[in-house]
Amino acid sequence: MASIPSSERDSFSSKFGVIAAAAGSAIGLGNIWRFPYVTGENGGAAFLLIYLAFVTLVGIPVMMSEFVIGRSAQKNAVGSFKRLAPRKPWFLVGMMGVAGAFVILAFYAVVAGWTLSYLFDSARYLVQPDKYGFGEMSTEQLRHFFQEGYDSFLAGTWKPVVTFLAMMGLTVIIVLSGVRDGIEKYAKILMPILLAILLVLVARGVTLEGAREGVRFLFKPDFSQITGNTVLVALGQAFFSLSVGMGTLITYGSYIQKRDNLANTAVSVAFADTFIAVIAGLAIFPAVFAFGISPDSGQGLVYITLPVIFQKMAFGSFWALLFFLLLCLAALTSTISVLEVVVAYFSEELGMNRKRATLIAGSSIGILGLMVTMSWGPLANVTFRDLNIFELFDASPAYFLPLGGFFIVIFVGWFYGRNNSKKELSSEGKRSIRYYPIFIFLVRYLAPIAIALVFLNVVGLIRF
Ligand code: PFF
């Protein structure tokens, strides 16, 4: 217990715990559900290259900045700005993050709920293949079957609601147990299992006959597909996937012990996140191509396309079970990090105890999420520019995360003071920070300019 910082705040206990928890936040549906389908829709390898550039040049500097802010202030996303910049409006960046947490969790836990439902279905197929198997159906029939199943599942009322509430419930239970005994403990168990399952699936994917096309799709760039909008999608995806731009990693940073190396942690987490996204693509695209299915089937890629493929593979239900288990676990270590942003804010800024803060945050996000589950059913008519509630919630992080990230790097680069950031990154002078000139160049110039250019392009003020 001697290692708990002086303020008696809960904290992560070990370096592996920090990385497991932060990588647990980063690795999630964004890697396994979203990355493959946005890559599929935006030109494969060319998209991947732009994505990698954003992760390295923008994502890592934002992540390090969030860690610096959280660990120096020892506070939640809003309180950190209040402490480091008293009586200045910077805390609004943290407020935007807390509001963003509501939006992200409300749609994210819904998708996590679909995953849970598919997990149960695959388990049922496995134990009662006669009853639930699909026998001699053609691909067309199968596709139709799942498409219908998926559509009616989404439009249905009770199943998405129950599975969404189950995922929210699990999230609340883990967050209630605290940082070290909840978040860190579960991340340390779940992340290695997740990696093991994914590696088994990759081995299966790349050894399918005809898999090579899928591998080529992921690694051979075709720049003709790239437009200004693709660049925004890549930037938004990098932020979403790394969990940066809304204070999640300010909050987690505040639980990192003073002796731990922030730069090293950020690079490890970004590397792990990118590695998992790419190998999730390697598990999925070879199978998509091997069975002659189009790679750009959008959000339904893992919920429609993959089940079709699983049914055609030997022991398909087993692979399906593994895959959806993987997705559920990955989702859970991310949902807890989003809820923690709100819980830390409620408990430290609004003076609630942790239990009350978690229950209030969980239930209010639960209510918002219920509206999202009805996006294809009773609330299908509520649309904005042809996007339903779910699609609006899903699209908005591509805007508010980079915007949050912009202010975070500007804060650390221009307002926080070099001596302060150096002190934090070097653990008060105890470690060498030879990379510091590169870091400061990225946070002062390159990252904010890159984000600004992408936005100016989107609103049409410049064209590239
Ligand atoms: N990074 C998570 C994923 O890729 O699934 C999603 C996420 C978690 C986004 C936490 C933002 C966040 F603060």
Side-chain angles (χ1 to χ4, degrees), residues 22-31 34-35 38 50-51 53-71 73 76-78 80-81 90-108 231-254 262 265-266 269-270 273-274 277 334-335 337-342 344-345 393-416 439 442-444 446-455 458:
S25 169
I27 297 167
L29 296 168
N31 303 62
R34 216 165 181 283
F35 175 81
V38 294
I50 298 175
Y51 176 80
F54 280 142
V55 167
T56 318
L57 300 174
V58 183
I60 293 179
V62 177
M63 192 183 289
M64 285 173 66
S65 302
E66 290 204 26
F67 284 158
V68 164
I69 295 171
R71 195 172 67 175
N76 61 85
V78 176
S80 286
F81 284 107
W90 284 103
F91 70 94
L92 292 172
V93 179
M95 295 294 258
M96 185 168 83
V98 174
F102 274 76
V103 171
I104 291 197
L105 196 48
F107 89 88
Y108 196 90
V231 179
L232 174 75
V233 174
L235 182 72
Q237 175 64 19
F239 271 80
F240 185 79
S241 188
L242 294 170
S243 299
V244 293
M246 53 165 268
T248 304
L249 298 181
I250 295 181
T251 312
Y252 273 20
S254 74
L262 295 181
T265 307
V269 170
D273 186 65
T274 309
S334 300
T335 52
S337 71
V338 188
L339 188 58
E340 181 63 24
V341 173
V342 185
Y345 167 69
F393 276 41
D394 179 42
S396 60
Y399 298 89
F400 71 72
L401 294 180
L403 194 64
F406 177 82
F407 288 117
I408 287 167
V409 281
I410 294 284
F411 179 79
V412 170
W414 296 95
F415 288 88
Y416 185 48
F439 169 74
L442 293 176
V443 295
R444 281 193 152 194
L446 203 128
I449 291 174
I451 299 172
L453 287 179
V454 174
F455 274 111
V458 171

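For the single chain, residues carry numbers from 1 onward in sequence order.
If you look at F239 and F54, their ring centroids are not closer than 6.0 Å. For an aromatic pair to be called close, the ring centres must be under 6.0 Å apart, and Y51 with F35 satisfies this.
M64 has its side chain out of reach of T265: every pair of non-hydrogen atoms, C-beta onward, lies at least 4.5 Å apart. Taking 4.5 Å as the limit, every side-chain heavy atom of I250 sits out of range of all side-chain heavy atoms of F67. You'll find the side chain of V338 stays beyond 4.5 Å of the side chain of Y108, heavy atoms only. Side chains of F411 and S65 form no contact here, defined as non-hydrogen atoms less than 4.5 Å apart. Looking at heavy atoms from C-beta onward, W90 lies out of side-chain contact with V78 at the 4.5 angstrom threshold. Annotation: side chain of E66 is not in contact with side chain of Y252 (no heavy-atom distance under 4.5 Å).
Distance OG/S254 to CD1/I69: 11.5 Å, rounded to 0.5 Å. Between L442 atom CG and I449 atom CD1 the span is 11.0 Å, to the nearest 0.5 Å. The distance from atom CZ of F406 to atom CG of L401, rounded to the nearest 0.5 Å, is 15.0 Å. The line from OG1 of T335 to CD of E340 is 12.0 Å long, rounded to the nearest 0.5 Å. Summarising the geometry, atom OG1 belonging to T248 is positioned 11.5 Å from atom CG belonging to L242; distances are rounded to the nearest 0.5 Å. A distance of 11.0 Å separates OH of Y399 from CG of L235, quoted to the nearest 0.5 Å.
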Would you check, one step at a time, whether the test side-chain contact (heavy atoms from CB on, under 4.5 Å) holds for V103 with F400?
CA-CA 10 Å; V103 171; F400 71 72; 4.2 Å; yes

Starting from the C-alpha separation in whole Å, work towards a yes-or-no answer on side-chain contact (heavy atoms from CB on, under 4.5 Å) for L105 and F393.
CA-CA 9 Å; L105 196 48; F393 276 41; over 6 Å; no

Might you work through the side-chain contact (heavy atoms from CB on, under 4.5 Å) test for M246 and M96, ending with a clear yes or no?
CA-CA 7 Å; M246 53 165 268; M96 185 168 83; over 6 Å; no

Evaluate F240 against I104 for side-chain contact (heavy atoms from CB on, under 4.5 Å), listing each step before the verdict.
CA-CA 10 Å; F240 185 79; I104 291 197; 4.2 Å; yes

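The shortest heavy-atom contact between T274 and A270 is OG1-O, 2.8 Å. Counting all heavy atoms, side chain and backbone alike, V62 lies closest to G245 at CG1-N, 4.3 Å. In terms of heavy-atom proximity, G413 sits nearest to V443 at CA-CG2, 3.8 Å. Between V93 and G404, the closest heavy-atom pair is CG1-O, 4.1 Å. Contact between P448 and I410 at its shortest, heavy atoms only, is CB-CD1, 3.8 Å.
For the pair S334 (side chain) and S25 (backbone), a donor-acceptor distance under 3.5 Å is present. At distances below 3.5 Å, not a single donor-acceptor pair connects side-chain atoms of S80 with backbone N or O atoms of A77.
When only modelled atom types and interatomic distance are considered, D273 and S241 share a side-chain donor-acceptor pair under 3.5 Å.
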